[in-house]
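In listed order, ligands and their atoms are each counted from 1.
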Amino acid sequence: MKTYTKYLTINTEKRIELVNITREVEEAVEESGIKEGIVLVNPMHITASVFINDEESGLKQDFVEWLEKLAPKDFDYKHHQTGEDNGYAHLWRTIMGREVVVAITNGRLDFGPWEQIFYGEFDGQRNKRVLIKVIGE
Ligand code: ZN
């Protein structure tokens with residue numbers, strides 16, 4: 001069994017941004033040389049998510065509007081008593097998930113027809129890391 005580890009650094013222009021990282025994950029799988037296995041992708045931060053969905057601009061806005069309804073940015077969260085201002089971002093991360101695992105078949109991500117991997121940044125404008133771990137043979 002082989003393993004391959006890669007870290008992406010993402011620094012978004014906006015505080016909240018959904019970034020398609022499918023190409024970066026495909027590149028890591030190619031670099032690994034692994035043909036059959038799995039790839040794990042997760043942000044190394046508790047105010048960002050990695051999730052799979054459709055690359056469609058309306059849907060991406062829908063996600064952010066839905067999250068804003070569930071956990072508004074300007075709410076007076078208890079977390080803010082620590083001096084932080086990103087209570088919503090922790091909640092959004094938990095709703096949108098920590099990681100994805102994708103099967104690798106014949107050296108390619110074995111996706112359904114519309115599946116794409118997104119990095120969900122909820123408190124950005126600073127360097128954040130994403131771990132990509134490829135395991136297989
Ligand atoms: Zn915080």
Please walk me through it: do Val50 and Ile117 pass side-chain contact (heavy atoms from CB on, under 4.5 Å)? CA-CA 7 Å; Val50 169; Ile117 303 172; 3.8 Å; yes

Under a 3.5 Å distance rule, please check whether His80 uses its side chain to pair with a backbone N or O of Gly87 as donor and acceptor. yes

Within-2.8 Å protein N/O/S contacts of the Zn ion (ligand 1): His79 NE2, Glu84 OE1, Asn86 OD1, His90 NE2

Taking a hydrophobic cluster as the set of Ile, Leu, Val, Met, Phe, Trp and Tyr residues connected by side-chain heavy atoms closer than 4.5 Å, whether directly or through intermediates, do Tyr119 and Val29 fall within one such cluster? yes

Is a salt bridge present between Glu26 and Arg23, judged by a nitrogen-to-oxygen distance below 4.0 Å? yes

Got a second to check how far Asp123's CG is from Glu17's CD, nearest 0.5 Å? 13.0 Å

Show your reasoning for whether side-chain contact (heavy atoms from CB on, under 4.5 Å) applies to Ser49 and Phe122. CA-CA 8 Å; Ser49 290; Phe122 307 134; 3.4 Å; yes

